Amino acid sequence: MRSLVVKVTSGGDSTAEAERCNQGFTVAAAAVAAGAEVSLWLTGEAAWFGVAGRAEAFSLPLATPLADLRDTVLADGRVTVCSQCAARRGIEADDVLGGVRIAGAAVFAEEALRDGAQALVY
């Protein structure tokens with residue numbers, strides 16, 4: 001099975017952004033459940049979902065809670081907050097949840113370009 005790298009770029013500022021965000025988390029969690037190696041990248045406004053309490057506050061009707069999807073990925077995959085996005089928002093390593101790392105574009109490119117990897121951006 002190929003590995004999957006999912007980049008989520010949007011937060012919950014509008015219904016369209018919330019839906020796009022939730023879709024990325026849903027695909028990442030579903031891939032983990034299917035046994036794939038998954039790396040979920042949180043960029044832009046989605047960077048906040050690596051901080052405690054932020055995914056819990058996200059709400060989208062008829063959708064699996066974002067915190068549950070994030071925790072599914074954290075249990076068996078990898079969650080990364082973009083370093084530049086974190087810096088712009090004042091998010092530091094001590095602010096992110098246990099198991100969440102902060103890393104930059106070079107690490108994203110390395111993961112996305114590995115043999116057998118599939119990258120999706122939401």
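For this chain, numbers begin at 1 and follow the sequence in order. Since this is a predicted model, take the numbers as computed values, not measurements.
When all heavy atoms of Ala55 and Leu66 are compared, the pair lying nearest together is O-CB, 3.9 Å. Glu111 and Ala117 get closest at one heavy-atom pair: O-CB, 3.5 Å. Contact between Ile102 and Thr80 at its shortest, heavy atoms only, is C-CG2, 4.4 Å. Scanning all heavy atoms of the two residues, the minimum distance from Val81 to Val96 falls at CG2-CG1, 4.3 Å. The shortest heavy-atom contact between Ser3 and Arg114 is OG-NH2, 3.3 Å. Closest heavy-atom contact between Ser83 and Gly104: OG-CA, 3.3 Å.
A chain of hydrophobic side-chain contacts below 4.5 Å, direct or via other Ile, Leu, Val, Met, Phe, Trp or Tyr residues, connects Val73 to Val51. The same ILVMFWY cluster, assembled from side-chain heavy atoms under 4.5 Å apart, contains both Val38 and Leu42.
Here Arg70 pairs with Glu56 in a salt bridge; the nearest charged N to carboxylate O distance falls below 4.0 Å.
The side-chain heavy atoms of Thr72 and Phe25, taken from C-beta on, include no pair separated by under 4.5 Å. Residues Val100 and Phe49 are not in side-chain contact: their nearest non-hydrogen atoms beyond the backbone lie 4.5 Å or more apart. Contact of the Asn22 side chain with the Phe58 side chain is registered, since non-hydrogen atoms from C-beta on lie closer than 4.5 Å. Side-chain contact between Val107 and Arg101 is present, with heavy atoms from C-beta onward closer than 4.5 Å. Between Val27 and Tyr122 there is a side-chain heavy-atom pair separated by less than 4.5 Å. Side-chain atoms of Glu17 and Cys21, non-hydrogen and from C-beta on, never get closer than 4.5 Å to each other.
The 12-atom threshold is exceeded at CD of Gln118, counting heavy atoms of other residues, nucleotides or ligands nearer than 6.0 Å.
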Decide yes or no on side-chain contact (heavy atoms from CB on, under 4.5 Å) for Val121 and Trp41, but give the supporting numbers first.
-> CA-CA 9 Å; Val121 179; Trp41 281 75; over 6 Å; no

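With rounding to the nearest 0.5 Å, the separation of CG in Leu60 from CZ in Arg20 is 12.0 Å.
The backbone N or O of Glu92 lies less than 3.5 Å from a partner atom in the side chain of Asp95, making a donor-acceptor pair.
Partner of Glu45 under the salt bridge (Lys or Arg N to Asp or Glu O under 4.0 Å) criterion, out of Arg88, Arg54, Arg89: Arg89 alone.
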